[in-house]
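Sequence lines set the chain letters: A, B, ... in the order given, protein chains first and strands last, and positions in each chain run from 1. Note that this is a predicted model, so its numbers are computed, not measured.
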Amino acid sequence: QVTLKESGTGILQPSQALSLTCSFSGFSLSTTGICVSWIRQPSGKGLEWLADICWDDGKGYNPSLKNRLSISKDTSNNQAFLKITSVDTADTATYYCARGYYSSSDYWGQGVMVTVSS
Amino acid sequence: DIQMTQSPSSMSASLGDTVTITCLASQDIGNYLSWYQQKPGKSPKLMIYGATNLEDGVPSRFSGSRSGSDYSLTINSLGYDDEGIYHCHQYYEYPFTFGSGTKLEIK
């Protein structure tokens with residue numbers, strides 16, 4: 001059974017760094033074809049793809065976040081991480097991690113709410 | 001970035017109706033297009049991948065099609081459980097992108 005769960009800082013102040021963890025089970029990030037993506041959704045708005053990391057350590061980033069993103073993984077402990085530096089109120093959203101296997105993300109976590117406020 | 005223009009933004013239909021939601025890709029994405037259903041407070045659920053392939057466990061009332069750069073999601077025999085927001089998603093090229101979503105209400 002594939003499951004993913006996001007965790008991270010719930011409330012931050014502007015200019016701080018946001019660190020998110022995706023803990024998963026039922027698959028391995030060392031399996032060929034597997035990638036884990038991070039997607040976010042501000043309340044009442046659409047989905048925004050942020051980044052992904054794949055079995056071969058390949059990484060993709062959304063350039064709209066202007067080099068503020070860093071994605072990494074710990075294959076042994078079945079975790080993926082996302083760091084966003086210099087947050088501001090526009091980064092307030094629900095953040096999801098999701099698994100893809102040679103295709104679009106098929107399993108998603110429940111999401112974690114992040115609020116940036118002074 | 002590849003823009004996904006999704007329409008309509010919202011729609012209302014009756015039980016048993018057939019509805020179609022479309023996404024226009026700003027450049028070629030082949031069949032790297034998926035559709036998600038999202039209910040309030042829940043994470044998106046994969047419905048269609050590869051433009052036309054039904055995800056396991058999704059009712060056959062759902063179908064996906066492609067005509068050039070136009071992609072469609074059709075839902076037959078609408079039921080109350082089909083209410084939600086539908087998102088298209090291209091995973092052909094980084095950065096992956098989503099359409100703006102279609103809110104489907106069942107009257």
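- Around CG of B:Leu15, the count of heavy atoms belonging to other residues, nucleotides or ligands within 6.0 Å exceeds 12.
- Contact annotation for B:Phe96: both backbone and side-chain heavy atoms come within less than 4.5 Å of a heavy atom of chain A.
- Side-chain atoms of B:Tyr91 and A:Ser105 include no donor-acceptor pair closer than 3.5 Å.
- Residue B:Ser34 comes nearest to A:Ser104 through the heavy atom pair OG-OG, 2.7 Å, listed as atom of the first residue, atom of the second, then distance.
- Considering all non-hydrogen atoms of both residues, A:Tyr96 and B:Gln38 come closest at OH-NE2, 3.4 Å.
- Using a 4.5 Å cut-off between heavy atoms, B:Tyr36 touches chain A through its side chain atoms alone.
- Neither B:Tyr32 nor B:Leu24 shares a network with the other; the hydrophobic side chains, linked directly or stepwise wherever heavy atoms of I, L, V, M, F, W or Y lie under 4.5 Å apart, form separate groups for each.
- Hydrophobic cluster membership is shared by B:Phe62 and B:Ile21, with clusters built from Ile, Leu, Val, Met, Phe, Trp and Tyr side chains linked at under 4.5 angstrom.
- Hydrophobic clustering, with ILVMFWY side chains joined whenever heavy atoms are under 4.5 angstrom apart, keeps A:Ile11 apart from A:Val114.
- Put simply, CD on B:Gln90 and CH2 on A:Trp49 are 9.5 Å apart, with the number rounded to the nearest 0.5 Å.
- The environment of CG in A:Asn67 is sparse: at most 12 heavy-atom neighbours from other residues, nucleotides or ligands sit within 6.0 Å.
- Contacts with chain A were tallied for B:Ser100, B:Pro44, B:Gly99, B:Gly50; B:Pro44 has the most, counting heavy-atom pairs under 4.5 Å.
- Put simply, B:Leu78 and B:Ile85 are part of two different groups of oily side chains (I, L, V, M, F, W, Y) that touch within less than 4.5 Å, one to the next.
- Annotation for B:Tyr80: atom OH does not count as buried by contact number, only 12 or fewer foreign heavy atoms lying within 6.0 Å.
- Atom CG of B:Asp1 sits about 6.5 Å away from atom CG of A:Asn62, to the nearest 0.5 Å.
- Neither the backbone nor the side chain of A:Tyr107 comes within contact range of chain B, judged by heavy atoms closer than 4.5 Å.
- Within residues 34-47 of chain A, the residues having any heavy atom under 4.5 Å from a heavy atom of chain B are, by residue number, A:Ile39, A:Gln41, A:Leu47.
- Placement of B:Trp35 and B:Val58 within a single hydrophobic cluster is found when ILVMFWY residues are connected by side-chain heavy-atom separations under 4.5 Å, directly or transitively.
- For B:Lys45, no part lies near chain A; criterion is any non-hydrogen pair under 4.5 Å.
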